[in-house]
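In what follows, a single structure is set out as structure tokens and then discussed.
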Amino acid sequence: MADEVILSETKGAVAVLTFNRPAALNAIDAATLKAFEAAFIAAESDRAVHVIVITGAGEKAFVAGGDIGDLDSRQGLPHYIEFGEDLHRVFNRVEACDKPTIAAVNGFALGGGTELLLCTDMRLVADTARLGLPEINLGLFPGAGGTQRLIREIAPCRAREMMFTGSQITAQEAVELGLCNRVVAKAELMVEAMKLAERVASKSPLILKLLKRTLRQGAQMPLPQALAHEHAMIGLVLDAADAHEGCRAFLEKRPANFTGR
């Protein structure tokens, strides 16, 4: 397993995907991106998996961005276009996944690392971690969704400052900006990430899927249309067996036994 660039492990109803290039600070090259896509599709397709956790191996990095050597070795516009298309396809898949996703940010999340984080639903960040979009320092700018997702998640002036200066922010600053849920002591990061994942995984996978779709699709609509969309989706929810099971469990004062139907 030491030579696998992505480690995949299932713990109960939780899949844990780990970027495993610690010597390269888990930087993303073409091979790593391909391996991550395959591992993510496998977890997404596994009916026994209800939540997906993404993290990095080693003590220093979650994902420290794209592999600069790999990027610089590419020649010609077609190669850059292809790599950009691959990045967007994979990151869009993470964002659109029907299963809840959690980023356990154990260290540097720079460039593509922050852009990947922006595609996940919930983010726990180690107290030693640093985030940022430093591409401007290399004569580049974020191209894996960062320019569009960051400016939609935090105040545009702060997003511009991060991208224009290429500066890093601390874990606490990331929480204060609304980029992450909370700061966790590094030694407890995976414990807390698994607690959160297991808590979410105990809910109905069907209702979580419908909830995620309602949130994602409604966010792209004007409010009147978004509310109409919510109205239609809650009608589907109320017809689900899990909704009736949840109500009966509440009335009978017992844990619900959700089946995803």
Side-chain angles (χ1 to χ4, degrees), residues 5-6 8 15 17-21 24-45 52-56 61-103 105 108-123 131-154 156 159-160 162-164 166 174 179-180 209 212-213 215-221:
V5 293
I6 299 295
S8 180
L17 306 183
T18 305
F19 283 83
N20 187 38
R21 300 184 70 212
L25 299 181
N26 300 322
I28 299 175
D29 60 7
T32 302
L33 184 65
K34 182 178 180 180
F36 175 72
E37 181 178 30
F40 192 87
I41 289 173
E44 188 179 31
S45 303
I52 301 172
V53 174
I54 302 170
T55 192
F62 170 68
V63 172
D67 188 309
I68 304 304
D70 177 69
L71 185 65
D72 190 47
S73 71
R74 297 172 183 274
Q75 297 295 326
L77 183 60
H79 293 284
Y80 291 109
I81 290 176
E82 180 182 5
F83 187 57
E85 288 174 345
D86 290 344
L87 275 170
H88 276 269
R89 182 186 68 251
V90 176
F91 284 17
N92 288 346
R93 183 169 202 124
V94 174
E95 183 177 50
C97 179
D98 282 333
K99 297 178 179 181
T101 54
I102 298 171
V105 185
F108 290 111
L110 304 175
T114 287
E115 289 175 298
L116 174 58
L117 175 152
L118 287 167
C119 299
T120 61
D121 295 310
M122 294 165 286
R123 304 112 188 212
L131 284 70
L133 295 171
E135 288 88 345
I136 196 70
N137 298 324
L138 301 177
L140 305 168
F141 68 73
T147 63
Q148 303 308 307
R149 291 190 175 102
L150 185 65
I151 209 161
R152 286 167 167 79
E153 287 219 7
I154 66 175
R160 292 187 183 98
M162 286 180 64
M163 288 185 276
F164 290 175
L179 279 179
C180 296
K209 176 170 72 173
K212 279 203 64 174
R213 290 185 179 184
L215 291 169
R216 184 175 66 251
Q217 295 164 2
Q220 307 304 316
M221 303 175 185

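Basis for what follows: all heavy atoms, side chains included, without hydrogens, waters or symmetry-related copies.
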Side-chain contact, heavy-atom cut-off 4.5 Å: Phe36 with Val94?
-> yes
Who pairs with Ala174 by side-chain contact (heavy atoms from CB on, under 4.5 Å), at least two apart in sequence or on another chain?
-> Leu131, Ile169, Leu179, Cys180
Donor-acceptor pair, side chain of Thr114 and main chain of Leu133, under 3.5 angstrom = no
Mind checking whether Phe108 and Phe62 have ring centres under 6.0 Å apart?
-> no
Salt-bridge test for Arg152 and Glu95: reply yes if a basic N is under 4.0 Å from a carboxylate O, no otherwise.
-> no
Any chance you could measure Arg149, atom CZ, to Leu117, atom CG, to the nearest 0.5 Å?
-> 11.5 Å
Between CD1 of Ile136 and CZ of Phe164, what distance do you get to the nearest 0.5 Å?
-> 8.0 Å
Side-chain donor or acceptor of Arg89 paired with backbone N/O of Glu37 under 3.5 Å = no
Backbone N/O of Phe83 and side chain of His88: donor-acceptor pair under 3.5 Å = no
Does the side chain of Arg160 come within less than 4.5 Å of Ile151's, by heavy atoms?
-> yes
Roughly how far apart are Asn92 CG and Cys97 SG, rounded to 0.5 Å?
-> 12.5 Å
Atom pair CD (Glu153) and CG (Leu118), whose distance is rounded to the nearest 0.5 Å = 5.0 Å
Rounded to the nearest 0.5 angstrom, the CG-CZ distance for Leu116 and Phe19 is 5.5 Å
Can you check whether Asp98's main-chain N or O pairs, donor with acceptor, with Arg213's side chain at less than 3.5 Å?
-> no
Can you tell me if Asn26 uses its side chain to pair, donor with acceptor, with the backbone of Arg21 under 3.5 Å?
-> yes
Do Phe141 and Met163 have side chains that get closer than 4.5 Å, going by heavy atoms?
-> no
Side-chain donor/acceptor of Thr120 to backbone N/O of Ile102, under 3.5 Å = no
Just how far is it from atom CG of Leu33 to atom CD1 of Ile6, taken to the nearest 0.5 Å?
-> 9.0 Å
Is a side-chain donor or acceptor of Lys99 paired with a backbone partner of Glu44 at a separation under 3.5 angstrom?
-> yes
